[in-house]
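Report on the structure given below.
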Amino acid sequence: MSVNQQAHTGLPYGQPQPGYQGYQQSSYGGQQMSGVHHSQYGAYNGPLPGYQQPAPSQGTLRAPPPTSGAPVPAGQPVYSQFGQGDVQNGIVTSAVQMQRPSASQPFIPGTAPTPVSQPATFQQYGPPPTSAQQLTNHMAGMQIGSSTLAPPPAGLGYGPPTSVPPASGSFTATGSGLYTSYSSSQGPPPVTMTHVLPPTSLSQGLSLAQPAFSGPPLSAQRLPQAPGFVPPPCSTGIGPSSYHPTTGAPRPSTMQGSQLPGHALTGLPTSQPNHVSSPPPHPAISGPAMTGLQGPPPPTHPSQSGYQMQQNGSFGQIRGPQPNYGGAYPGTSNYGSQPAPPPPPKRLDPDSIPSPIQVIEDDRNNRGSEPFITGVRGQVPPLVTTNFLVKDQGNANPRYIRCTSYNIPCTSDMAKQSQVPLAAVIKPLAALPTDEAPPYLVDHGEPGPIRCNRCKAYMCPFMQFIEGGRRFQCCFCSCVTEVPPHYFQHLDHTGKRVDFYDRPELSLGSYEFLATVSYCKNNKFPNPPAFIFMIDVSYNAVKSGLVRLICEELKSLLDFLPREGNMEESAIRVGFVTYNKVLHFYNVKSSLAQPQMMVVSDVADMFVPLLDGFLVNVNESRTVIVSLLDQIPEMFADTRETETVFAPVIQAGMEALKAAECAGKLFIFHTSLPIAEAPGKLKNRDDRKLINTDKEKTLFQPQTSFYSNLAKDCVAQGCCVDLFLFPNQYLDVATLGVVPYQTGGSIYKYAYFQLETDQERFLNDLRKDVQKEVGFDAVMRVRTSTGIRATDFFGAFYMSNTTDVELAGLDCDKTITVEFRHDDKLSEDSGALLQCALLYTSCAGQRRLRIHNLSLNCCTQLADLYRNCETDTLINCLAKFAYRGVLNNPVKTVRDTLINQCAQILACYRKNCASPSSAGQLILPECMKLLPVYLNCVLKSDVLQPGAEVTTDDRAYIRQLVSSMDVAETNVFFYPRLLPLTKVDVDSDTLPAAIRNSEERLSKGDLYLLENGLNIFVWVGVNVQQGLIQNLFGVSSFNHISSTLSTLPVLENPFSKRVRSIIDMFQAQRSRYMKLIIVKQEDKLEMLFKHFLVEDKSMSGGASYVDFLCHMHKEIRQLLS
Ligand SMILES: [Zn+2]
């Protein structure tokens, strides 16, 4: 079924539609939705008292799992294996033929779990990479000398997809402007300087003096502030200016580089080197760098133009090898290895370069207090890190759609020149804060929603009613459509319909339409969806206590299935399957005294052995379900089966949904590489030697196309797969993840799962996942006004044509990124419009259309583009482009392409928008001043530059996670939030300002909280006051703090309460429960923590922020010369 369905027209329409009579702008009359978080699901969302920690499970869950040698309690049924399709009442007690553990996947008791708690993404944290080859490769990829920019390897252009599934296709489709610029790194930039704009209030200069000497610099200096500014030019008033920061910015003038050389080299304090060869354990804890602990000073006073950048001997006029610096960007080979370090090189003062913290704080201060009102076209919303209230007055809430730029070039030439990707990050079912109303449901009656006759766009605030209201002209394609009689309304003197404020679709940016039967598969209204829980009961799953944990949890969790609005109970039916090498289906029909098990051992041709009694209503079958969940852990307590199948499990779930004629979701709990003989059987093909080779991409590709085909079938059925993985070794996430990914599902991974440390995280994830708002059997289409069109899509979905994004399921946390390209000229007058329409089946089986509209400005001056960009969104898109790129390209090529593209973006600004200035200046657009630091974080992320501790599965997992992340998630994922806990005011709800992610900002006497959306660290300095340690950890000294804690102890003092409440608040803000890791300074886990100090040089060879900024400057200069 397509969103593009023809609407019925001309049917009589008599009475007002329920749901919006009496609609006022502020609240829609009788609707019960206002003010309630997800109000249509209000009954199951939000905190559930007494639910977070289900009491019944606590005692038993922590008990050791039954050991395999334990005798079966008297009277306990024993699992028996029946032939295909056999039915047995109750659980039989006949003897079992247990299989020996397979030699191909040995289980060695006592060796699998790691003893300390570690985050899912970084198990086996090891020593820093020592392989000379690896480092050499990094260096080859990232040389810094002015003449050594590596040319692209021959034939490494981004080609069309080869063997990958459509939804995760090639790095670029043909004609992609994003990556076609590749060759320009070898020559002068393709742009020509056509107009030089006066400097604007948004430009920001980073002066970078030419080194006045040719030898290696001997010391670093910090420049005094502002030795000489040119007077700030007038703010030209272009673009929205009402929210420019009032402190620290604007920085209207650029600092002249010409004044620098005289100051640059004399008599200033030495800053801390950050790439000495043998760093002391904590080089920055004391001394001058301590000033950073108070947070960076306000970078400049208001009239100051920009950042004075200390030159670094590593670029510019350097010739010949630079001692200690040749490898500084980014793969230095001398870290920790050279016995006799040369003198530390000069470097920039970190306080003088753009600070993410300052930008975040400025935006909070300037834009956090006023509501963001969406009535004006092309407004840039506040940053995702700012708390702000949104009032929908005709454009979609930025929680639904964020764009890389809100003012897009009128022509494709301009767009190509700037290299700024034009993209929208769309989260169609985003959860809104409780004080923002969810979309109103509009019912246009039997004929269905009013649409444009030609392009099928849905009625929206931008449609123009003409001829006294009898017709309307489409804002997307200009076609004129008759208004059906039942929808007719008179116009007022301004040409506005008099019912404008009574109809959400005329006055709001986001709303829903009730879909008619013609929007349904086979012209039949859908059945309510079903959830099927499919539990791996092989040896590892049973032994770790996982099976018991899941069964216990489900008993209470089934009461919290999603339900519609004020419905008393959920319409979702549930079913249960367990499996190892064979599948066990359960009949839990309410009329049965005991559940029945049916075993299907012929996994080669999967079928569902029962229809009646497999999918049931929870309340009706509660007794039988509880009985089943009690029995499953016992039935398999003595299993010796270590092998599992995987594809047949998905097939079984899909077939069950097909038989029940409904959409739904499979929750699969799986522990190992599926090596048992069955379709979709996999082999262990992990090979770390492929890293940094042309074959590295194969690590991200599925090892068989079987799962892509299966995914296609699942999408056709509306079968979404959520996968919970509990691996003790490689299980090929790249392949197992294909179906969850292409069906809009989620993957969760708990490596070396241990009840003690991981159950809270797993249970929280499971609860959130089961309860969250989700739509099924969905199709999304993005329409645009003439001149641009959606050309590329990123995220977890499937596409069978070039326009429709198909999603078996779509939950409130998933985003889809859409890239736009010009197919014609745009005009400044009419701007550009987007309309995202999502057709889906609600959790109660109602077919709906969710519509989001957004209007953007268009510009003929590049400066307007650069003034209205959103760097966080840009980074989200660039990361997704790059993470898709690694499927088909060498990782080094992907990194080089990213750097080159960003250099072009900034060079274009410099050339066309900044005031003329010396080449030694790095001038960044105000809106993009964080582009270098954030880009560097993407480049050194585990997918693009893995350290030795990052497994192949971790990389595949993260690649998929990031592909569906929204802007707030990528922001904190790439640049973690770091809070000084001693600055926390226990009597206030406000948080202290975060600090920059660098070791030199940490104090030995402080405690810090760092979160990135997947992990939370509490870092404890060695000199923290004993009283604080006592208050937070309940122990007497630093040495007594256990680094294996997975939660902070519950202590009755204000500091403990406040810190725990901050952690709880962070947890609630994220879609996944973050793993808590306590890191003591100088402890071995500190290495792991330092991985997240992203402004520093990384162990895997990633450049420090300072070094990378210098590198970017060099790239930009090269493009400009
Ligand atoms: Zn149209």
Side-chain angles (χ1 to χ4, degrees), residues 1-11 377-378 394-396 401 403 408 410 422 424 426 428 442 444-445 447-489 491 495-497 500 503-513 515-516 518-519 779-791 793 801-805 818 820-839 849-858:
M1 184 57 49
S2 161
V3 187
N4 213 13
Q5 197 78 33
Q6 282 275 356
H8 298 272
T9 52
L11 291 189
R377 185 176 87 187
N395 284 288
I401 307 183
C403 292
I408 62 181
C410 280
L422 304 175
I426 307 176
V442 178
H444 279 177
I450 310 293
R451 306 174 71 173
C452 166
N453 270 347
R454 185 198 289 159
C455 74
K456 306 299 171 196
Y458 293 86
M459 180 52 63
C460 73
F462 310 116
M463 298 289 186
Q464 276 292 325
F465 286 88
I466 54 176
E467 295 175 24
R470 288 191 302 278
R471 306 169 88 189
F472 69 91
Q473 182 166 32
C474 177
C475 50
F476 296 93
C477 73
S478 301
C479 174
V480 173
T481 300
E482 297 279 336
V483 174
H486 71 270
Y487 197 68
F488 175 80
Q489 187 53 268
L491 309 182
K496 210 187 247 179
R497 278 173 63 122
F500 180 83
R503 291 190 177 271
E505 75 275 19
L506 299 182
S507 52
L508 295 179
S510 302
Y511 42 87
E512 291 200 327
F513 287 117
T516 57
S518 60
Y519 291 82
V779 184
M780 185 184 103
R781 179 176 288 191
V782 178
R783 289 180 175 81
T784 47
S785 50
T786 310
I788 53 165
R789 63 195 165 85
T791 53
F793 302 83
N801 60 38
T802 56
T803 53
D804 293 325
V805 173
V818 183
F820 302 97
R821 279 180 207 290
H822 289 77
D823 56 8
D824 204 346
K825 277 191 180 139
L826 295 163
S827 94
E828 282 181 294
D829 287 345
S830 44
L833 298 175
L834 315 179
Q835 183 178 76
C836 165
L838 177 81
L839 174 65
L849 283 147
R850 181 169 290 198
I851 313 293
H852 299 296
N853 303 289
L854 187 63
S855 59
L856 304 172
N857 285 328
C858 295

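Read the numbers this way: they start at 1 and go in the same order the structure lists the ligands and their atoms. All heavy atoms count here, side chains included; hydrogens, waters and symmetry mates do not.
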Sphere of radius 2.8 Å around the Zn ion (ligand 1) - protein N, O or S atoms inside:
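Those protein N, O or S atoms (cut-off: under 2.8 Å from the Zn ion (ligand 1)) are Cys452 SG, Cys455 SG, Cys474 SG, Cys477 SG.
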Return the [atom1] to [atom2] distance between [X] and [Y], rounded to the nearest 0.5 Å.
X      : Y      : atom1 : atom2 : value
Leu834 : His852 : CG    : NE2   : 12.0 Å
Phe820 : Leu856 : CZ    : CG    : 8.0 Å
Cys474 : Lys456 : SG    : NZ    : 10.5 Å

Decide yes or no on side-chain contact (heavy atoms from CB on, under 4.5 Å) for Cys410 and Glu828, but give the supporting numbers first.
CA-CA 7 Å; Cys410 280; Glu828 282 181 294; 3.9 Å; yes
Geometric cation-pi criterion Arg783 and Phe476, 6.0 Å radius, 45° cone:
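No.
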Could I get the full list of ring pair (Phe, Tyr, Trp, His ring centres under 6.0 Å) partners for Phe472, not counting sequence neighbours?
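Scan of Phe472 (ring pair (Phe, Tyr, Trp, His ring centres under 6.0 Å), adjacent residues dropped) gives Phe465.
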